[in-house]
Each structure stands twice: as C-alpha cells, then as structure tokens.
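One structure is given here, and the rest of the page talks about it.
Side chains included, hydrogens not; waters and symmetry mates left out as well; all remaining heavy atoms used. As the structure is a computational prediction, the values presented were derived from the model and not from experiment. Chain letters run A, B, ... following the sequence lines, proteins first and then strands; every chain starts at 1.
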There are 2 protein chains.
Amino acid sequence: MRNGLRNKGLRRYDSPMKHRPTVKDVAKAVGVHASTVSRALNPEKRGRLSDDLVARVLAAAETLGYRTNALAASLRTRRSMAVGVIIPDITNPVFPPILMGIEDALRAQGYISVVANTGNDSERARIAVEQLTARRLDGLILATALRRDPLVDLCLARGMPAVFVNRRDETRRIPSVVSDDEAGVQLAIEHLVALGHRRIAHIAGPSITSTGFARRRGFEFAMAEVDGAPRPPLVVEARTYGRDSGHQAFLELLALNPKVTAIVTSNDLLALGCCDAMREARLSCPADISITGYNDMPLLDIVTPPLTTVRIQHHEMGAEAARMLIDIIENRERRAAMDIVLKPDLVVRGSTAAPRATPAKLQLAEP
Amino acid sequence: MRNGLRNKGLRRYDSPMKHRPTVKDVAKAVGVHASTVSRALNPEKRGRLSDDLVARVLAAAETLGYRTNALAASLRTRRSMAVGVIIPDITNPVFPPILMGIEDALRAQGYISVVANTGNDSERARIAVEQLTARRLDGLILATALRRDPLVDLCLARGMPAVFVNRRDETRRIPSVVSDDEAGVQLAIEHLVALGHRRIAHIAGPSITSTGFARRRGFEFAMAEVDGAPRPPLVVEARTYGRDSGHQAFLELLALNPKVTAIVTSNDLLALGCCDAMREARLSCPADISITGYNDMPLLDIVTPPLTTVRIQHHEMGAEAARMLIDIIENRERRAAMDIVLKPDLVVRGSTAAPRATPAKLQLAEP
DNA sequence: TTGTAAGCGTTATCAG
DNA sequence: CTGATAACGCTTACAA
C-alpha cells in the first residue's frame, strides 16, 4: 500500500465539477493580493488589517461562495485538525459510546475524527495506521484491544502522536485511558460473596486482549482473598468476546466443575452466551447459577434474566482520550499522569441471587 | 465555519517530528528525477520504465521508509479516494451494520470512509457536509433520515456526488438505496392477520423521517385491504425512535382505543417501549396484545418476549450505496435504476400470537 | 497595513 | 524512456 491513492489508477471525474473559488478569486474580486485574503480570513491575524478591508474580503468570500481547501491548508501548515480512531468492530456496542465521547471532545476543540474499522484483523489495523498517516492526520486514538500490539511500534516509528482508549499498552510507551478492570471484577465478586457465593468461576475474554487479561487477573487476585473459594481459581478462557464463545465456555466450565454457583464473565455477550447454554440445559439463572456481565451494553435490562453487570464510563473514556491526545498534539504540558483510570460501577439486576441451600443437580439435559 | 482549520489558531507542533522522506529524497538516493520516482511508484505508468529502474526506486523507497503524502497527491490529482458518511447516531444499532457494508464495499475499490455523527442535529449535519467538502472528499453517503433535507441542496450546490442510504430523497434529485418499508410493514400485517388479528394499530416513527413516513403509509395502505380493520386506521406517532417514546405512544394508543389486539411499530425500540409499558400495566405480550418491531436489531431474540420483527439487509444496503456512489464518482455508466430497493424479511418470534377469544380487559393497573 | 515570493509534496505535461 | 517545469491552493517570512 505504498500508493493507496492510485491503486485503481486515475479516474476521470472531470464532469460538471464546478470551479471552486480560491483565495485568488476572492483577491481579484476585492482588488487585493491573495495573501491579504488569507490573513483576512484568519481570525488570528485579522487584527493587523483595516476593519474595512476585512469586511470587504469577508463579503466577497461570502458572495463567491468561497470555502477554504483544507487539503491545501493542511499541506502548507502541516496540521490537519483531524485525528484518526482505530476501532476493532463498530458493531460491538461498547464502541459507539466511546466514539461519541471522542467526537464530542474533538469537536469542542475544532478537530474532526476519521474512524477506521479493522474487523479485529491486525493486518487491516496496520493498513489503517498507514493510511491515516499518509493522510497526515494529527494523531491517532487506538481502541484495538491487543495486549502486545505492533501498532505501537508503527506509531512510534512514524512519529505519530497516539493514545490508547479502553486498553493499556503493556510496554507503557503510549499513554492510555482505561476503566479499572481489576476493580470492576472485584465489585462483581464482592456482590456475589455478599449473596453467599463461594464457588465462583470466571469466563475470561481472550487473553491476547488487554481487557480479557486484566479482568482475569482481577478475578484471580480478588478470589485469592475469598475464604472457601476454589483453589486454584476456576477460569475458562473464551475464544472470542461473542455470544457463541460464551455458550461454549459455559459448557467447558461445567464439565470442569459442575458445582459452581456463580460465574463472573469478562463481557456481557459472554454472559448472554452462558444464559443461552443454561436455557438449553434447563438450568435456571439465577436460581441454579448466578451470572454477571461486563460493560452494561444496551437492552440488558430487558433480556431474560436482566443481567447484573459492571458499567464502565464509555463516553467519558472516549472524551478523556481525545483531550489527552490533543494535549499531546499541541504540546501542552502533559497531564501529570500518563494514564487515566476511570472507576466502574456495579449494576445489580436479576441474574444474581443467593445460591440454593442445596446445590442444584448440574447435569446437562440429554441432547 | 469558513476556516475550520484555523479555528483555534496555529499550534506549535514542531516537536521531534521526524522528517518524512519525499519523492525528492528517493530521487536523490537513486540518482534520478523526482518525477521518475513518482512514475515508478505508480503501478499504472510503471510500464514505460525500465524494470531495473523501477526495482531500484522501489528498493530505495523501501529503505528510506518513504510513504506518499496523500494530502499532496490529492491536491494535485483532485481525487482523495475517500468518501464521507453522514450518520445521525452511531449509537443506534441500525447504523453499525450499514457502516460495515459501506466500508467493505469502499475498501474493495480502494476507498476509505470518513464518518461524521450528527447527533440528529441538522446544524451539525450541515457543518459536517461543509467540513467534508472542505477536505475534498470524493463523495458523500447520507444516512440521515429526514424527508425534506436541506443537505440535498447543499450537496448539489457544492457539486458533491452523493447517495442516500436507508432513505430516499422526496425530490428525487439524489439516488438512494433503501429497504422496501411498505413491503416490510405489509409482511408484519399479513402475519398478524393470519393469526386472526383485525384490530391492528400502528405506532409510527417521527413523520419527518423518511422511514417513519414510509412505514406509516405502508400501514395505512395495507390496512385498507383488511376486512374488519378499524376505520380510519389506528395510528399514533412517536416523538422519537427511542424506547421512552414507544412507552408513551403505547399509553396514548390505549387511551385512544383500548381494544387493539396487535400493534405494528415502526422500529424495534418503539416495540420494546411498548413492552415496557405493558409490563407496567400488567398486560401480557403476546397474550393480551401482539407486537412487532422493525429492523431486527441485536439481542431481540433474548428479550422478553422475543420480538417478532422485520429484518432489513443493513450490510447489503450499505454496500450497494457505496458501490453506487463510486460508480457516480468515476463516471461509470450509472446503473439503470436511480434507486435500489431491497426486500425485507419477517422474523417471527414470541411477541406475536393469536388474539384471545375474549378481548382482555385493557385497563391500566392503578399507579 | 499590504504585497512579494517561496514552498508544502505530488503529478501532468511537454520536451528531449 | 526520462528530465525539467509548472501547478494544485494555501500560508508565511520577508519586504516595502
């Protein structure tokens, strides 16, 4: 992809494309030089021009329908006032609110965002970084979730300002804004323990993702403090963050230890997958097994059962990341912390309850 | 917003920004002229160069880490190989799959997308069009849902190629890719009629949106054919497409006519809002009233009750729109139709059933 | 206060 | 086949 712009060769689009007026046109109309027009149009340096001239330029620009060509301006100033956002999968309901937060914060400072989906494909992620770099964006916000990511080296090599959102770079070379995953899992565990659960298991997200890894670590860490908890801690890792994977992981977990009374999952979809599996096995949630999710995605309040989950501050996370990136781009004194960690909340709904006095028979129904 | 690029003035970012190698650098390294490098890098016109030279240029570019500056190339060629996508609310689960379809189709042809959220704010939509135009994107895909939209005039005035997705311009000046909303509503009605329903009502989306309007028209049209249906047709318009609005509209509808046995809604969230209201009123869905949604958003299979809904081809819709736009941009012979209409499907789940023999008492529970 | 001239990096055009 | 030149539209030292 050295030459994305000409991949498909040059296409004719010399159709009725109107001549867009340029500074020169405006200059001619007013009878001044183009550079004067440029100055008059720039609020920052309008000051040194006569008010009358400025007014005339503005008027002429208006009537001609002049719009500045951002391409040319960026080429000259080396600033595009645009930042790229790299997202694994916009279809995953975690990301839209983060994106909104990013956009809101960017807009407040006059920036726009260019988002690229990578479909969880690291090659596409690489291409996205290359493309956005080629377009000379001012910085990048990375929401991809890998724990070790070659994108870090790429950004560093290209001298591209970057910030992680919803994940942390393990090599700590790029600042990040994350939610406290250890704390979130701990909230879920405390809740379950208070209800009387001890045989609590974890269905972890893929360990290559930073969230999957952190939440699992949080689980193991917190469970070490729980008296009467299984040793070693019961953990099954799901292949992906999808509902199917949750379903499958649930079956594996039950095969491993049929006596669990509660499951803390790494993600709402995994939790819903567990519920699917329980329905098939004619088990009841929460009567037989309590389940917690993670993220508090939309509609969890009306699924059956309504899912107890950990809510994270998606919008705020995105907004903070954007502000941090702009600080870096504009060389403002960087905030004290290289990383911002937001606090999660527990949302208690119907999928958690006290365990049965007598453990249920946890046998799968005949197929 | 005449000068988006300098809104906040010029910022210093002359920090350790590496010198990015240019064609000149490569040219110097190889000992040829910059224009030769440009040609060697362009697969289209590489042909006329000696293989040896091309190889040397490629090698030099590689070792220097040359990346073409897309800004400069776009300025010169007047083609950015990027198209803008304007979306009302990325948080609405209808849009991510459409966006995926768009991105997939664009990528297949070497284009990238720049998406802008407008938050259902027409002023922000206008600004978005201006900004994307300023950046000289090659075209626009509009997913905003208004029936009469000043954006149309704006695009036309700016000579910006544009296509609508999921909506149609009433003035028919811009091509569109939509799902057949009349047919979709008809599917829902046929299903309900087959179950034995006659007193079928409609909760319409906002009539300023093209989808809300079309589905309502479809409802009125199809109900006119149903013997024993209420005359005039029972319709309540929701303020927005949100769950709250569905809740509220349900109450209005019941006040209007307490004997309805089925409700066709214009959108899944409206349907879920109806379910919320029914739960509060201790009414049972589908026993007391059957409900259908529209769009088949994720998780509808596990909400209570699982929602019968109309599925539309989101991904395909986006992909078609992107292909159509590229056809226009590249002046290919335009497809025969200015509009593409995709067929929806009915997905039958648990929220629809035969009406009770005796109509339920549809009184709201005491507050 | 305004004009001049140069340059951002690329590519089209015209020579040779 | 390759080189020189100019131009895309804008901004900004530097001059006046």
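- Closest approach of B:I98 to B:M317, counting heavy atoms only: CD1-CE, 3.6 Å.
- Regarding B:K28, its NZ atom lies at a distance of 13 Å from the P atom of C:dT10, rounded to whole Å.
- Atom CG in A:L71 sits roughly 10 Å away from atom P in D:dG9 (whole-Å rounding).
- Residue A:I329 comes nearest to A:P161 through the heavy atom pair CG1-CB, 4.1 Å, listed as atom of the first residue, atom of the second, then distance.
- The side chain of B:R39 lies closest to D:dG3 when the candidates are C:dA12, D:dG3, D:dT11.
- Comparing C:dG9, D:dC10, C:dT11 by their closest approach to the side chain of A:V23 singles out D:dC10.
- Closest approach of A:A70 and B:R135 over heavy atoms only: CB-CG, 3.8 Å.
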* **Base-pairing string, 5' to 3', of DNA chain C - Watson-Crick or wobble, under 3.5 Å, | interstrand** => ||||||||||||||||
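- Among the heavy atoms of the strands lying under 4.0 Å from A:S35 is at least one base atom, whether or not backbone atoms are also near.
- Here the C1' atom of nucleotide D:dC10 and the CZ atom of B:R78 are 13 Å apart, to the nearest Å.
- Considering only side-chain N and O atoms, A:R79 lies nowhere under 4.0 angstrom from the phosphate OP1 or OP2 of D:dT11.
- Side-chain atoms of B:T77 and B:R79 form no donor-acceptor pair, as typed in the model, at a separation below 3.5 Å.
- Atom CZ in A:R46 sits roughly 13 Å away from atom P in D:dT11 (whole-Å rounding).
- Taking only side-chain atoms of B:S38, from C-beta outward, the nucleotide of C:dT11, C:dA5, D:dC10 with the closest atom is C:dT11.
- Using a 3.5 Å distance cut-off with no hydrogens or angles, the side chains of B:R126 and B:S122 do not pair a donor with an acceptor.
- Across the protein-nucleic acid pair, B:R136 atom CZ and D:dC10 atom C1' stand 11 Å apart, rounded to whole Å.
- Ion pair A:D153/A:R173 flagged as a salt bridge, since at least one NZ, NE, NH1 or NH2 atom sits closer than 4.0 Å to an Asp/Glu carboxylate oxygen.
- Contacts of A:S50 with the nucleic acid, taken as non-hydrogen atoms under 4.0 Å apart, involve only primed sugar atoms and P, OP1 or OP2.
- Nucleotide D:dT12 holds its C1' atom 11 Å from the CG atom of A:N42, rounded to whole Å.
- Whole-Å rounding puts the B:K24 NZ to C:dT10 C1' distance at 10 Å.
- Note: CZ (A:R48) to C1' (C:dG3) measures 16 Å, nearest angstrom.
- Take the nearest nucleotide of DNA chain D for B:L49 and for A:P21: the residue whose nucleotide is more 5' is B:L49.
- Donor-acceptor pairing under 3.5 Å, judged by distance alone, is present between the side chain of B:R76 and the base of C:dT11.
- For the side-chain contact (heavy atoms from CB on, under 4.5 Å) test, residues two or more places apart in sequence or in another chain that qualify with B:D52 are B:S50, B:R56.
- For the atom pair A:L64 CG and A:K28 NZ, the distance stands at 10.5 Å (nearest 0.5 Å).
- Two residues, B:L75 and B:T36, neighbour DNA chain D, and the one matched to the more 5' nucleotide by heavy-atom proximity is B:T36.
- Contact annotation for A:K45: backbone-only contact, meaning every heavy-atom pair under 4.0 Å involves sugar-phosphate atoms and none involves a base.
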